[in-house]
Amino acid sequence: MKKFGSFNIFSLIVGFSFLYIPIILLILFSFNESRLVTVWGGFSTKWYGELLQNQGIKDAAWVTIKVAFVSSTIATILGTIAGLVMTRFGNFKGRTLFSGMIYAPMVMPEVIIGLSTLLMFVALAIDRGIFTVTLAHITFSMCYVAVVVQSRMSSYDDSLTEAALDLGCTPFRTFILITLPIILPAVISGWLLSFTLSLDDLVIASFTSGPGSTTLPMKIYSMVRLGVTPEINAVSTILVGVVTLGVIAASLIGRRQKQQILKTQHT
């Protein structure tokens, strides 16, 4: 096993510092007493109280939570089905096109996704709002769920399903009682990942939103254009906390999944 050299250690320190020091400063100055975000005036939580009185931010946060919950739930269902199709049905006709359509949103720029989705809604004469934002988030987040589920299904033991079917269990009941409990950690991880992506999206939501459907990232961006305030730091800190909890939960679920796989292989 190769040891890290001084250059590698220095590169890691610089890279992580560049990524995380601005976030740490943002969190720190959200507890700043002074309205000037670059001048420390003492510790205070008053900006979080001011945040609770801001109806615009609360409305945007509620829209964001609704869109994230609905889109991640539907994306998880569709992504799980897509992952099962990719692993259980072999090289069926049109597999290459099907897989390409699933993975395309992962490599396609968000500007292209947002613009193409907007043009589709305009062509279909669909009024933009929470519904269109939710559809757009389902489109780009379901592929991540499909990848996670497909990765878990690649190590799935098909003999378990075959045994259940031989004992007279229907395919649907076999899926509910055998397959789903085994891949459930991957499904939950996919849901958390898609929820986090929807919660954090700005570009696609900007293209597909309409009156009354402003999401929290859009609200923060519009406020930042007028100047950064400690109130923005406070709402950003809360958003960072929610995303961090989602990432930690997904990591713990993934680790538990790996432990279950290793345990099954040893037995």
Side-chain angles (χ1 to χ4, degrees), residues 15 18-20 22-23 26 56-57 59-79 82-83 86 96-148 150 189-228 232-233 235-236 238-240 242-244 246-247 250:
F18 180 79
L19 288 174
Y20 291 107
I23 298 177
L26 181 146
I57 291 181
D59 292 341
W62 177 237
V63 170
T64 302
I65 293 174
K66 286 192 297 183
V67 170
F69 181 81
V70 174
S71 64
S72 59
T73 301
I74 298 177
T76 300
I77 296 174
L78 297 178
M86 293 293 294
T96 303
L97 177 61
F98 180 73
S99 61
M101 293 177 65
I102 291 176
Y103 298 140
M106 297 182 64
V107 297
M108 192 176 299
E110 290 187 347
V111 174
I112 302 301
I113 298 176
L115 180 59
S116 59
T117 308
L118 171 63
L119 294 176
M120 183 190 68
F121 291 145
V122 172
L124 296 177
I126 299 177
D127 294 333
R128 285 178 293 167
I130 295 179
F131 176 70
T132 54
V133 176
T134 303
L135 286 180
H137 283 193
I138 292 172
T139 301
F140 81 84
S141 60
M142 65 170 289
C143 61
Y144 293 92
V145 181
V147 170
V148 174
Q150 184 180 1
S189 298
W191 188 91
L192 290 172
L193 180 59
S194 60
F195 183 85
T196 302
L197 291 172
S198 176
L199 200 70
D200 189 53
D201 174 65
L202 170 65
V203 178
I204 297 176
S206 299
F207 278 97
T208 57
S209 64
S213 59
T214 301
T215 62
L216 188 57
M218 293 173 58
K219 183 67 175 179
I220 294 174
Y221 179 72
S222 64
M223 294 172 65
V224 168
R225 295 175 64 183
L226 301 177
V228 180
I232 297 178
N233 289 341
V235 67
S236 300
I238 294 175
L239 192 59
V240 169
V242 172
V243 173
T244 302
V247 172

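The structure displayed is predicted, hence computed values, not measured ones.
Distance CD1/Ile130 to OG/Ser213: 6.5 Å, rounded to 0.5 Å. Rounding to the nearest 0.5 Å places CZ of Phe207 at 13.0 Å from OG1 of Thr132. Within the model, atoms CG of Asp201 and OG1 of Thr208 stand 7.5 Å from one another, a figure rounded to the nearest 0.5 Å. The CZ atom of Arg128 sits 5.0 Å away from atom CG of Leu118, with the distance rounded to the nearest 0.5 Å.
Counting all heavy atoms, side chain and backbone alike, Val63 lies closest to Gly212 at CG2-O, 4.0 Å. The nearest pair of heavy atoms linking Ala60 to Lys219 is CB-CB, 3.9 Å. Closest approach of Pro105 and Ile113 over heavy atoms only: O-CD1, 3.7 Å.
The side-chain heavy atoms of Thr215 and Ser209, taken from C-beta on, include no pair separated by under 4.5 Å. Here the side chains of Thr117 and Thr139 are not in contact, with every heavy-atom distance at 4.5 Å or above. At least one side-chain heavy atom of Ile232 sits under 4.5 Å from a side-chain heavy atom of Ile220.
Residues forming a side-chain hydrogen bond (donor to acceptor under 3.5 Å, both in side chains) with Glu110 (at least two apart in sequence, or on another chain): none. Considering only residues two or more places apart in sequence or on other chains, Leu26 meets the side chain to side chain contact (heavy atoms under 4.5 Å, CB included) condition with Asn233, Ser236, Thr237. Residues forming a side chain to side chain contact (heavy atoms under 4.5 Å, CB included) with Met101 (at least two apart in sequence, or on another chain): Leu97. For Leu202, the side chain to side chain contact (heavy atoms under 4.5 Å, CB included) test picks out Ser206, Pro217, Met218, Tyr221, with sequence neighbours left out. For Leu124, the side chain to side chain contact (heavy atoms under 4.5 Å, CB included) criterion is met by Met120, Ile126, not counting sequence neighbours.
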Report all side-chain donor-acceptor pairs from residues 190-199 shorter than 3.5 Å, counting only partners two or more places apart or in another chain.
residue: Trp191; atom: NE1; partner: Ser72; partner atom: OG; Å: 3.2
residue: Trp191; atom: NE1; partner: Thr73; partner atom: OG1; Å: 3.2
residue: Ser194; atom: OG; partner: Gly190; partner atom: O; Å: 3.1
residue: Ser194; atom: OG; partner: Trp191; partner atom: O; Å: 2.9
residue: Thr196; atom: OG1; partner: Leu192; partner atom: O; Å: 2.9
residue: Ser198; atom: OG; partner: Ser71; partner atom: OG; Å: 3.4
residue: Ser198; atom: OG; partner: His137; partner atom: ND1; Å: 2.7

